[in-house]
Structure formats: structure tokens, C-alpha cells
A.B. asks: 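Handing you a structure now.
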There are 2 protein chains.
Amino acid sequence: MRSPLYVTRPMLPDLGHLDGLLKEIWASRIVTNGGPLHGRLESELTSYLGVPTAMLFNNGTIGLLAVLKLFDLPPGSEVITTPLTFAATAHAIHWNGLRPVFADVCPETLTIDPASVKKAITAKTSAILGVHVYGTVCDVEALQSIANEHGLKLIYDAAHAFGAEIDDCPVAMFGNASVFSFHATKLFNTLEGGLVATPNPDDREKLYYLRNFGIRNEDEVVEIGINGKMNEIQAAIGLLNLPQVEQERCRRRALREMYNDALDGLPGIRFQAPQSRVKQSEQYYPVVIDATIFGRSRDDIYEELKARNIFARKYFHPICTDYEPYRGFPIFSARVEPYVQKVKSQVLCLPFFGDVDKKDVEEISLVFRRPSAVRRVRAAS
Amino acid sequence: MRSPLYVTRPMLPDLGHLDGLLKEIWASRIVTNGGPLHGRLESELTSYLGVPTAMLFNNGTIGLLAVLKLFDLPPGSEVITTPLTFAATAHAIHWNGLRPVFADVCPETLTIDPASVKKAITAKTSAILGVHVYGTVCDVEALQSIANEHGLKLIYDAAHAFGAEIDDCPVAMFGNASVFSFHATKLFNTLEGGLVATPNPDDREKLYYLRNFGIRNEDEVVEIGINGKMNEIQAAIGLLNLPQVEQERCRRRALREMYNDALDGLPGIRFQAPQSRVKQSEQYYPVVIDATIFGRSRDDIYEELKARNIFARKYFHPICTDYEPYRGFPIFSARVEPYVQKVKSQVLCLPFFGDVDKKDVEEISLVFRRPSAVRRVRAAS
């Protein structure tokens with residue numbers, strides 16, 4: 001049996017290099033609350049992401065909580081989002097005393113469908129929360145035009161879109177704000193971590209307060225903030241990981257090509273179409289498996305890979321409207337049947353990080369191409 | 001000028017020892033999401049704190065968010081708490097869609113006053129959130145009796161009470177749940193961190209879900225959870241710091257005696273009375289300065305210490321009802337004037353950690369005892 005292969009593996013810096021920064025932290029005894037390494041990382045990420053405002057958080061979820069609070073959305077108002085996302089997206093809306101409203105996704109990109117967003121708008125809608133899912137970016141122009149027309153805030157969950165660009169413009173310059181995740185599973189990680197980026201330099205001050213309990217100074221608390229502080233060791237890891245990101249991205253780009261070649265021509269298997277104007281983040285490699293054509297389902301492939309110690313991820317399954325707390329929430333769609341209800345049982349993320357090699361891809365591709373299994377399932381159906 | 005002396009200084013493990021655990025983490029590549037070190041620390045703290053349920057969190061604030069959600073308090077209901085606390089306490093109530101209601105404190109202990117809590121109860125009250133402030137524990141019997149009588153949940157913010165005991169019983173066995181903070185400023189720290197402890201083993205399951213987005217398994221999301229996960233490096237620091245805690249507590253106990261002796265007999269200066277049934281956590285050393293008797297105010301002393309590079313802390317100033325978002329919230333009190341409105345300008349926390357030595361205490365005591373300043377202020381008034 002091969003050693004286990006997971007969807008991602010965290011990039012970690014050389015321990016020797018980390019030791020140098022740990023010595024700095026131990027010498028200063030400043031271990032959190034916006035220490036010097038935190039300041040350096042925030043400054044480097046501001047440049048890297050090409051935005052006026054970039055504020056570190058202890059994780060992306062708390063970043064989402066803060067960013068929804070940044071815009072003073074009316075209590076109880078509705079935020080339109082996609083159900084094909086991680087739980088954090090919908091939950092952050094709820095934690096802000098707002099109501100998540102779910103809209104369908106585009107079949108091509110699996111991002112939130114602007115035509116479906118229009119169907120979901122009511123007098124109570126205050127914002128749209130798009131998700132650049134898997135690293136594929138949303139239709140930013142169409143969403144902005146809807147937001148403008150209806151006076152809505154437009155926020156992006158950019159957990160999967162670190163370093164993505166649209167027409168050479170940083171992804172976080174679109175909409176009112178974007179939230180990145182630096183969780184261990186992400187291209188760039190600080191073990192746990194996140195960042196709120198906005199195109200508006202004036203947002204910095206309020207985000208700074210929101211991250212640290214709303215404290216303005218020794219004498220004033222001006223917001224109902226939270227503890228969103230990243231500690232100095234996480235910042236140290238970020239400082240050491242950041243210079244490795246472009247190389248990792250290149251390796252993943254090559255891996256994507258390998259996968260595309262290996263799976264090319266399989267009937268019923270669809271992989272992500274490249275977005276011509278977009279520099280991809282290279283976060284995930286999802287495939288969409290149509291069992292009616294392919295003969296085996298997403299869950300079949302998942303189990304077959306698992307039997308070989310290869311752990312793909314049914315991502316996103318379940319979708320938000322399948323969660324107990326959001327059960328019964330409708331999915332607004334411009335289609336007769338929401339596409340997301342179909343694709344949620346079709347999409348599978350394959351192992352995707354720099355060290356996945358040709359041999360791994362061949363082994364995975366063999367599972368997809370194994371004709372006996374196809375025949376077996378066809379015979380049984 | 002002496003080197004700066006702060007109220008606290010984070011306990012940090014030996015870097016060589018940390019390196020051993022970092023090598024373990026680097027070898028496993030499990031850096032968060034409940035890794036092996038996280039499991040070990042949670043298990044050690046369960047024993048140390050003497051509770052059936054002890055769940056690590058990324059910080060105490062997120063622990064407070066989770067614990068309020070644990071009990072399914074009715075949306076919009078009222079939680080009675082003290083305004084003499086850190087911002088996290090009141091904010092966590094708000095983030096849960098609940099309303100903080102503020103009650104006065106006892107003059108002797110500065111903890112929430114049971115008689116004032118009674119004044120604050122309405123048909124909408126769902127819980128009491130007491131704070132073991134500075135390490136002084138609340139009147140747990142009186143609060144429990146009120147909670148029982150009115151069918152309220154009783155939760156403690158135990159950020160200051162790590163390892164405290166009442167009649168040899170662990171502090172977290174009182175009430176329905178307690179939340180500890182492991183922030184750098186705390187007796188036991190994991191840089192940032194926190195823990196929810198409850199006397200009920202059945203709470204473990206739901207807290208486990210709440211900490212990780214409500215995820216029960218690959219197929220089910222059952223709660224509107226949050227990301228409250230502590231990463232493996234923080235757990236490593238906790239594992240190495242925990243064996244040092246008792247020695248640090250002893251040193252602080254000796255320091256408390258030194259302070260008590262040094263400040264003894266000063267008219268208008270009051271330090272914390274020992275609680276006979278209580279093993280103190282030894283988190284903070286607050287003094288209460290009555291300017292009308294002492295001749296100088298808390299703020300005077302704060303400034304005089306600061307001029308000597310000694311950074312005491314006006315803790316808690318401002319109190320919650322002085323924050324912009326809670327301005328106008330009444331303070332329910334069994335007294336004619338809420339005592340907290342008086343004491344908020346009187347209380348000062350002095351430097352309090354093991355390495356504060358006799359010389360430091362003498363220097364601080366000189367500021368308190370300097371007769372010239374007393375005379376100057378008296379002449380001016």
C-alpha cells in the first residue's frame with residue numbers, strides 16, 4: 001500500500017530559518033497583539049496582494065465576521081451567497097445577526113450565478129458575498145453591476161484565491177472587500193490565519209479596531225470587535241513561507257497540466273476550464289463527474305481512491321442548504337432546477353500540491369480509466 | 001532610567017525544548033485541526049483543571065462565543081454580566097445575538113454583586129455571566145441560587161482564574177461552564193488561546209462541533225459553529241509551559257506578600273482581601289486608590305509610575321458602559337449609586353509576575369509613599 005496522499009499538504013519553512021525568528025520573539029517577549037513580525041508580514045502581504053488595506057486575522061472565518069461588521073449592514077438584513085462553499089461563509093453571515101440567502105452557481109465556473117443573484121434580491125438585501133471557489137474567480141463585472149444597481153455591498157470570500165489576478169489586477173481590488181484564508185490547507189499558510197483586504201485605505205482603521213475588541217486607545221472602545229489577532233509565531237511562519245509561494249504555484253500549474261492530460265477525453269469527466277483573463281491561484285483541482293455518462297459516480301471514485309490510500313475530498317459536500325441549521329432555506333436560481341443540487345454530488349477535489357508527482361497522477365488516472373469498474377457499474381445499473 | 005516594567009510578561013518555554021516538539025510537528029505535517037499535541041494538551045488540562053469537559057480554543061473570546069451558543073439561549077434574550085471586565089465578555093454576548101445587561105459589583109471583591117443581579121432580572125433574562133475578576137472568585141453560591149430560582153444558565157468568564165479552587169474544588173466545577181484565557185498576559189499562556197470547561201461530560205460533543213464550524217463528520221454540519229481551532233505550535237507551547245505554572249504561581253504569591261507589606265497602612269489604599277476558602281490563581285495584583293483619602297488619584301499614580309518606566313494598567317478602564325456601543329446601557333445596582341462607577345477610576349493593576357523583585361516593589365512603593373507629591377496635590381486641591 002502506498003503512503004497516504006491527501007488533497008493538500010501544508011507548506012512549512014525550514015526549521016533552521018524559523019529558529020532565527022523564534023530567537024527574535026523570545027528576545028523581545030512580544031508574542032502577540034501586533035508585534036514586529038506581524039507588522040512585517042502585514043506590510044509584505046499588502047505589497048504582495050496589491051491592495052491599500054490588508055489586515056491579518058487569526059483565521060479566515062474571524063476575518064469574515066469582521067468584514068461583514070465593517071460595513072454596518074442593517075441587523076437582520078439579507079446577504080446573498082452561494083451554497084457551494086465552506087461552512088465559514090454562511091456561518092459568518094449568521095454570526096453577524098444577518099440572514100444568509102442562497103443563490104445558484106454557474107455551471108461553467110461553479111461560482112455564484114449573477115442571474116440567480118438577481119432572483120434572490122429583496123428589499124431586505126444588503127450585500128452579496130461571492131466565493132472565488134477552488135481559485136476560479138466570480139463574474140466580478142456582473143456582480144458589481146448588480147451591486148451598483150441595488151446599492152448592495154459586494155464582498156468576496158477569497159479563501160481559495162490567494163494571489164489571483166483578473167486582467168493583471170489583484171483579485172482583492174474587486175468589490176468592497178475580500179477575505180483570504182491562510183489555513184494549513186491553503187497555498188499560502190500560517191498554520192491557521194486569514195486576511196481582510198479592501199481597495200479602500202480608509203477601511204484600515206475600523207478593521208484595526210474590529211480585530212482587537214474595538215479598542216481605539218487606552219480610554220476608548222468604539223466597536224463591538226472580536227479577538228482576531230494573529231500571534232508572532234504564525235507571522236514568522238508566514239514571513240518564511242511567502243517567498244516559497246511562487247515556486248509552489250508553478251509546480252501546481254505543471255501538476256494541473258498533468259491532470260488535464262491524464263483525464264482528457266474521458267466521457268463524463270469535466271475539469272476546470274481556464275479563465276482567459278485570470279491568473280489562477282492554483283488552490284484546488286476539482287473535477288466534475290457526471291455518473292450518467294461516466295458510469296461511476298463521484299462517490300464511487302472517492303471510495304476507489306480511498307481504497308488505494310488516496311484521499312480526495314468531496315468538496316463541497318454537503319452544501320450549506322444541506323446543513324441542519326439551513327435546511328429548508330431555498331436556493332434561488334435562474335434555472336428550473338438549481339444546478340448546485342446536481343453538481344454537489346459530482347465535484348471531487350484531487351490531491352493538489354507541488355510534491356504530487358507524475359506517478360501519483362498516473363495512479364489516480366488509472367482509477368478513472370479502469371474499464372472493468374466502469375463495466376461493473378454499468379452492468380449493475 | 002530603569003528598563004521598562006510591564007504588568008505582565010509572558011512565560012515562555014526553553015527554545016531548545018520547543019525545538020523538539022517542532023520537529024515532531026514538521027515530521028507529521030499535522031499543524032492544526034486537532035493534531036496530536038493539541039490532544040495531549042487538552043488531556044493534560046482536563047486533569048489539571050479537574051473537569052469532565054475541557055476544550056481548547058484559539059482564544060478566550062471565541063471560547064466565550066462558543067459557550068454562549070452551547071446553551072441555545074433564546075435569540076435576543078438578556079445575559080446579565082458585570083461592566084468591570086474586559087471587552088470580550090460583553091462583546092461575546094452581542095455576537096451571539098443576545099443583549100448584555102450590566103449589574104453592579106461588590107465593593108469587597110469587585111466581582112458581580114448577586115443583589116444587583118436580582119435587580120437586573122426580567123422575563124427576558126436567560127443567563128448570568130459572572131467574571132472571576134483579577135483572580136478573585138465570584139460569590140458562586142449566591143449566583144447559583146439566583147440561577148436556580150429563575151431557571152438561568154450560569155457561566156463564568158474565568159480568564160483570570162486559571163487553577164483557582166473554592167473549598168478545594170476546581171473553580172470550573174461551579175456554574176454551567178467557565179471560559180479560560182491563555183493569552184500571553186495570563187498565568188498560563190499559549191501566546192493566544194483559551195479553553196471552555198464544563199462540569200458536564202455531555203457538553204463535549206457539541207463544543208467539539210461548535211469549535212470546528214459545526215462539522216459532525218464528512219456528511220453532516222449540525223451547528224452554526226466557528227473556527228475556534230488552536231494550532232499545534234500553540235499546543236506545543238502550552239505543553240511546555242504547563243509544568244512551569246505552579247512555580248510561577250508560588251513566586252507571584254510571594255510577590256503579593258511583598259506588595260501587601262510595602263503598601264500596608266497607607267490611608268486610602270486598599271488591596272485585595274484574601275478569600276479564605278479560595279486558592280487564588282495569582283493572575284493580577286489590583287489596588288484600589290481612594291483619592292479623597294490618599295491625596296492622589298489612580299491616574300496620578302499611573303502617570304508617576306509611567307514617568308519611571310513602570311507601566312501599571314488602569315484595568316478595567318473604561319468599563320463596558322463607557323464604550324460607545326454600550327453607552328446608555330443602565331447599570332442595575334442594589335445600591336443608590338453603582339459602586340462600579342466609583343471604583344472604575346480607582347483600580348490599578350501593578351506589575352505582577354515572578355521576575356518582579358524586591359527592588360521593583362520598593363521603587364513602586366516609594367511612588368505610593370512619596371510625601372512631597374501628597375503634599376503638592378493636597379495644597380493644590
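Keep in mind it's a predicted model, so treat the numbers as computed, not measured. Each chain gets a letter, A, B and so on, in the order the sequences are listed, and its residues count up from 1.
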A.B. asks: Quick check: do A:Ile224 and B:Trp95 have side-chain heavy atoms less than 4.5 Å from each other?
C.D. replies: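 SC-SC contact between A:Ile224 and B:Trp95 confirmed.
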A.B. asks: For chain A, find which of B:Glu232, B:His183, B:Arg216 contributes the most heavy-atom pairs closer than 4.5 angstrom.
C.D. replies: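 Of the candidates given, the most pairs with chain A belong to B:His183.
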A.B. asks: Taking ring-ring contact (aromatic ring centres under 6.0 Å, His included) as the definition, give me every residue that meets it alongside A:Tyr315, ordered by chain and number, with sequence neighbours left out.
C.D. replies: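 A:Tyr315: ring-ring contact (aromatic ring centres under 6.0 Å, His included) contacts with A:His160, A:Tyr284.
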A.B. asks: Within the 4.5 Å heavy-atom criterion, are A:Ile226 and B:Ile62 side-chain neighbours or not?
C.D. replies: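 Answer yes - side chains close enough.
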A.B. asks: Could you tell me which of B:Pro325, B:Pro75, B:Ala90, B:Cys320 has the largest number of non-hydrogen atom pairs under 4.5 Å with chain A?
C.D. replies: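 Most heavy-atom pairs within the cutoff with chain A belong to B:Pro325.
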A.B. asks: Is there a side-chain contact between B:Leu12 and A:Arg29 (heavy atoms, below 4.5 Å)?
C.D. replies: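 SC-SC contact between B:Leu12 and A:Arg29 confirmed.
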A.B. asks: Which of the residues B:Ala92, B:Ala88, B:Ala87, B:Gly214 is involved in the greatest number of heavy-atom pairs with chain A at under 4.5 angstrom?
C.D. replies: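 Answer, by heavy-atom pair count under 4.5 Å with chain A: B:Ala88.
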A.B. asks: Mark yes when over 12 heavy atoms from residues, nucleotides or ligands other than B:Tyr208 sit less than 6.0 Å from its OH; otherwise mark no.
C.D. replies: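 No, not enclosed.
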A.B. asks: Need one label for B:His317: side chain, backbone, both or neither, based on atoms under 4.5 Å from any heavy atom in chain A.
C.D. replies: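 Answer is both: backbone and side chain atoms of B:His317 are under 4.5 Å from chain A.
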A.B. asks: Find the one option among A:Val31, A:Leu15, A:Leu64 whose heavy-atom pairs under 4.5 Å with chain B are most numerous.
C.D. replies: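 Among A:Val31, A:Leu15, A:Leu64, the one with the most close pairs to chain B is A:Leu15.
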A.B. asks: Measuring heavy-atom distances to chain B, does A:Leu18 have an atom under 4.5 Å in its side chain, in its backbone, in both, or in neither?
C.D. replies: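 The side chain, not the backbone.
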A.B. asks: Apply side-chain contact (heavy atoms from CB on, under 4.5 Å) to the pair B:Val221 and A:Glu324, showing each step before the final yes or no.
C.D. replies: CA-CA 6 Å; B:Val221 178; A:Glu324 269 179 45; over 6 Å; no
A.B. asks: Between chain A and each of B:Pro10, B:Gly97, B:Gly60, count heavy-atom pairs under 4.5 Å; write down the option with the most.
C.D. replies: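 Option with the greatest count: B:Pro10.
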A.B. asks: Quick one: list whatever passes ring-ring contact (aromatic ring centres under 6.0 Å, His included) with B:Phe86, sequence neighbours left out.
C.D. replies: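 Result, ring-ring contact (aromatic ring centres under 6.0 Å, His included) vs B:Phe86: A:Phe213.
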A.B. asks: Can you confirm whether B:Glu218 sits close enough to A:Tyr302 that some side-chain heavy atom of one is under 4.5 Å from a side-chain heavy atom of the other?
C.D. replies: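 A side-chain contact exists here, since the closest heavy-atom pair is under 4.5 Å.
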A.B. asks: From B:Asn231 CG over to A:Glu192 CD, what is the distance, rounded to the nearest 0.5 angstrom?
C.D. replies: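 The CD atom of A:Glu192 is 6.5 Å from CG of B:Asn231, to the nearest 0.5 Å.
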A.B. asks: Checking A:Leu65 against chain B: side chain, backbone, both or neither under 4.5 Å from a heavy atom?
C.D. replies: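 For A:Leu65, heavy atoms of backbone and side chain both lie under 4.5 Å from chain B.
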A.B. asks: Atom CD in B:Gln234, atom CD in A:Gln234: separation rounded to 0.5 Å?
C.D. replies: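 One gets 5.0 Å once the value is rounded to the nearest 0.5 Å.
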A.B. asks: Looking only at heavy atoms, which two atoms of B:Ala184 and A:Thr32 are closest? And how far apart?
C.D. replies: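 Distance-wise, the nearest heavy atoms are CB-CG2, 4.0 Å.
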A.B. asks: Using heavy-atom distances under 4.5 Å, tell me whether A:Lys23 contacts chain B through its side chain, its backbone, both, or neither.
C.D. replies: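 Both backbone and side chain.
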A.B. asks: Just checking B:Arg99: does its CZ atom have more than 12 heavy atoms from other residues, nucleotides or ligands closer to it than 6.0 angstrom?
C.D. replies: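 Open.
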A.B. asks: Counting only non-hydrogen atoms closer than 4.5 Å, does B:Pro13 touch chain A with its backbone (N, CA, C, O), its side chain (CB onward), both, or neither?
C.D. replies: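 Contact with chain A is through both the backbone and side chain of B:Pro13.
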A.B. asks: Out of B:Asn33, B:Ile25, B:Ile215, B:Asp322, which one racks up the most heavy-atom pairs below 4.5 Å with chain A?
C.D. replies: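 Heavy-atom pair counts peak at B:Asn33.
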A.B. asks: With the side chain counted from C-beta on, respond yes when B:Asp19 and A:Leu22 share a heavy-atom pair under 4.5 Å apart, and no when they do not.
C.D. replies: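 A side-chain contact under 4.5 Å is absent here.
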A.B. asks: State, with a plain yes or no, whether a side-chain heavy atom of A:Ile233 is found less than 4.5 Å away from one of B:Ile237.
C.D. replies: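 A side-chain contact exists here, since the closest heavy-atom pair is under 4.5 Å.
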A.B. asks: Can you tell me how far apart CG (B:Asn59) and NZ (A:Lys229) are? Round to the nearest 0.5 Å.
C.D. replies: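 The NZ atom of A:Lys229 is 7.5 Å from CG of B:Asn59, to the nearest 0.5 Å.
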A.B. asks: Would B:His91 and A:Asn227 count as having a side-chain donor-acceptor pair, cut-off 3.5 Å?
C.D. replies: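 No, A:Asn227 and B:His91 have no side-chain donor paired with an acceptor closer than 3.5 Å.
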A.B. asks: Less than 4.5 Å to any heavy atom of chain B: does that hold for the side chain of A:Asn58, its backbone, both, or neither?
C.D. replies: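 The side chain, not the backbone.
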